[in-house]
Amino acid sequence: MHSLSWLATNGTAAIVCFPGVMYRGGAEQKIRKYLIDNNYVECVIQLPDNLFFGTSIATCIMVLKKNKVENSTLFIDAFKECVKITNNNKLTEENIKNILTAYEKRENKQYYAAVVENDKIADNSYNLSVSSYVEQEDTREKIDIVKLNAEIKEIVAREEKLRAEIDKIIAEIEESV
């Protein structure tokens, strides 16, 4: 609120925030309501964890403008935009360029960016958490159940064949004893 109060009518403020302020209730929700209802939130950018010295949690940037024309907010999930250096993450020039390009284009991009109408944000209790609006990519392995079932059938058949051969060998041993 302090940054907003000092912001020129044509200025832009970018504030680093902890993710909790984007979704918690109470006073923080009242502030988000004021910001959204007055169309001041330009963008929320989710950053990776271990990016800033002294804090291991993920952070985000809230971009505020007083002179917005469109009544929507851009959400960018830049959580994967980093390179790992020892225990810390770092934004490279390419990472920064990707984030800025998404910010400037202000377009929906699957798994990365979403432009959300402020009415929808209001309907979602003024939640400004990026994960509420930008779908996460499902990176789990896709399993072909028909193929898996055929493989299991083949394994069971091989097991039955081996069991029969073992029984035959044991019967031969018992006959010779």
- Task: Step by step, work out the side chain to side chain contact (heavy atoms under 4.5 Å, CB included) result for Val44 and Met22.
- Result: CA-CA 9 Å; Val44 178; Met22 299 299 170; 4.2 Å; yes

- Message: For the backbone of Thr59 and the side chain of Gln46, can you confirm whether one donor and one acceptor N or O come within less than 3.5 Å of each other?
- Response: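 Checked: pair present.
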
- Taking only residues two or more places apart in sequence, or in another chain, which ones meet Asn95 in a side chain to side chain donor-acceptor pair (under 3.5 Å)?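 In terms of side chain to side chain donor-acceptor pair (under 3.5 Å), with neighbours along the sequence ignored, Asn95 is linked to Glu81, Thr92.
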
- Check the pair Tyr103, Val63 against side chain to side chain contact (heavy atoms under 4.5 Å, CB included), reporting the backbone distance first and the verdict last. CA-CA 10 Å; Tyr103 177 78; Val63 181; 3.5 Å; yes

- Task: State yes or no: do Tyr112 and Leu100 share one hydrophobic cluster built from I, L, V, M, F, W and Y residues joined by side-chain heavy-atom distances below 4.5 Å, directly or via other members?
- Result: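 Looking at the clustering, Leu100 is in the same group as Tyr112.
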
- Message: Taking the side chain as everything from C-beta on, heavy atoms only, tell me whether Tyr133 gets closer than 4.5 Å to Leu74.
- Response: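 Answer no - side chains too far apart.
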
- So does Arg163 pair up with Glu159, basic N to acidic O under 4.0 Å?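 No, Arg163 and Glu159 are not salt-bridged.
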
- Side-chain contact test, heavy atoms from C-beta onward, threshold under 4.5 Å: evaluate it for Asp37 versus Tyr126 and give yes or no.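 The answer is yes; the side chains approach within 4.5 Å.
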
- Which atom names give the shortest non-hydrogen contact between Pro19 and Ala58, and what distance separates them?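 Heavy atoms only, the tightest pair is CD-O, 3.0 Å.
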
- Task: Mark yes or no for whether Asn127, through its side chain, and Ser129, through its backbone, hold a donor-acceptor pair below 3.5 Å.
- Result: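 A pair under 3.5 Å: yes.
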
- Item | Worked verdict on Tyr34 versus Leu4 for side chain to side chain contact (heavy atoms under 4.5 Å, CB included) | CA-CA 11 Å; Tyr34 173 81; Leu4 185 64; 4.0 Å; yes

- Query: Shared ILVMFWY cluster between Met62 and Met1, side chains joined below 4.5 angstrom?
  - Reply: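 Linked within one cluster.
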
- Query: Which is it for Asn39 and Asn71 under the side chain to side chain contact (heavy atoms under 4.5 Å, CB included) test, yes or no, and what are the steps along the way?
  - Reply: CA-CA 6 Å; Asn39 198 29; Asn71 198 21; 3.3 Å; yes

- Message: How close do Ala114 and Asn108 get, counting heavy atoms only, and between which atoms?
- Response: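 Reported closest heavy-atom pair: CA-OD1, 3.1 Å.
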
- Message: Counting C-beta onward and ignoring hydrogens, is there a side-chain heavy-atom pair between Val156 and Glu160 closer than 4.5 Å?
- Response: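 Answer yes - side chains close enough.
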
- Task: Nearest 0.5 Å please: distance from the OG atom of Ser72 over to the CZ atom of Arg106.
- Result: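 Between Ser72 OG and Arg106 CZ, I get 4.0 Å after rounding to 0.5 Å.
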
- Query: Could you state the interatomic distance from CZ (Arg24) to CZ (Phe18), rounded to the nearest 0.5 Å?
  - Reply: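 Arg24 CZ to Phe18 CZ: 9.5 Å, rounded to 0.5 Å.
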
- Message: Rounded at 0.5 Å granularity, tell me how far CG in Asp49 sits from CG in Asn88.
- Response: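 Asp49 CG to Asn88 CG: 10.0 Å, rounded to 0.5 Å.
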
- Cluster link Ile76 to Leu64, ILVMFWY, side chain under 4.5 Å: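 They do not share one cluster, since no chain of ILVMFWY contacts under 4.5 Å joins Ile76 to Leu64.
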
- Query: Given side chains that start at C-beta, do those of Tyr111 and Gln136 come closer than 4.5 Å, heavy atoms only?
  - Reply: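 Contact flag for Tyr111/Gln136 side chains = no.
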
- Message: Nearest 0.5 Å, please: how far is NZ in Lys120 from CD1 in Ile36?
- Response: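 Reported value, rounded in 0.5 Å steps: 13.0 Å.
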
- So, Lys66 side chain and Leu7 main chain: donor-acceptor pair closer than 3.5 Å or not?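 Confirmed, Lys66 side chain pairs with Leu7 backbone.
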
- In terms of hydrophobic clusters joined by side-chain contacts under 4.5 Å, are Leu47 and Leu128 together?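 In one cluster with Leu47: Leu128, no.
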
- Task: Could you tell me whether the side chain of Ile121 reaches within less than 4.5 Å of the side chain of Arg32, counting heavy atoms only?
- Result: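 A side-chain contact is absent here, since even the closest heavy-atom pair is not under 4.5 Å.
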
- For side-chain hydrogen bond (donor to acceptor under 3.5 Å, both in side chains), just list the numbers for Asn118 and Thr73, CA-CA rounded to whole Å, side-chain angles, deciding distance to a tenth of an Å, and then say yes or no. CA-CA 6 Å; Asn118 287 346; Thr73 301; 2.8 Å; yes

- Query: Rounded to the nearest 0.5 Å, what separation is found between the CD1 atom of Ile170 and the CD atom of Glu172?
  - Reply: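 These two atoms lie 11.0 Å from each other.
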
- Task: Going by the side chain to side chain contact (heavy atoms under 4.5 Å, CB included) test, name the single residue among Asp144, Val146, Ile152 that passes it with Leu148.
- Result: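 Checked Asp144, Val146, Ile152 against Leu148; only one passes side chain to side chain contact (heavy atoms under 4.5 Å, CB included): Ile152.
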
- Cluster check Val21, Val116: I/L/V/M/F/W/Y, side chain < 4.5 angstrom: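 Yes, because Val21 and Val116 connect within a single hydrophobic cluster, where side-chain heavy atoms sit under 4.5 Å apart.
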
- Message: A side-chain contact here means heavy atoms from C-beta on lying under 4.5 Å apart; do Cys60 and Val130 qualify?
- Response: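 Of all side-chain heavy-atom pairs linking Val130 with Cys60, none is under 4.5 Å.
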
- Could you give the distance from CZ (Phe79) to OG (Ser131), rounded to the nearest 0.5 Å?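 Answer rounded to 0.5 Å: 10.5 Å.
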
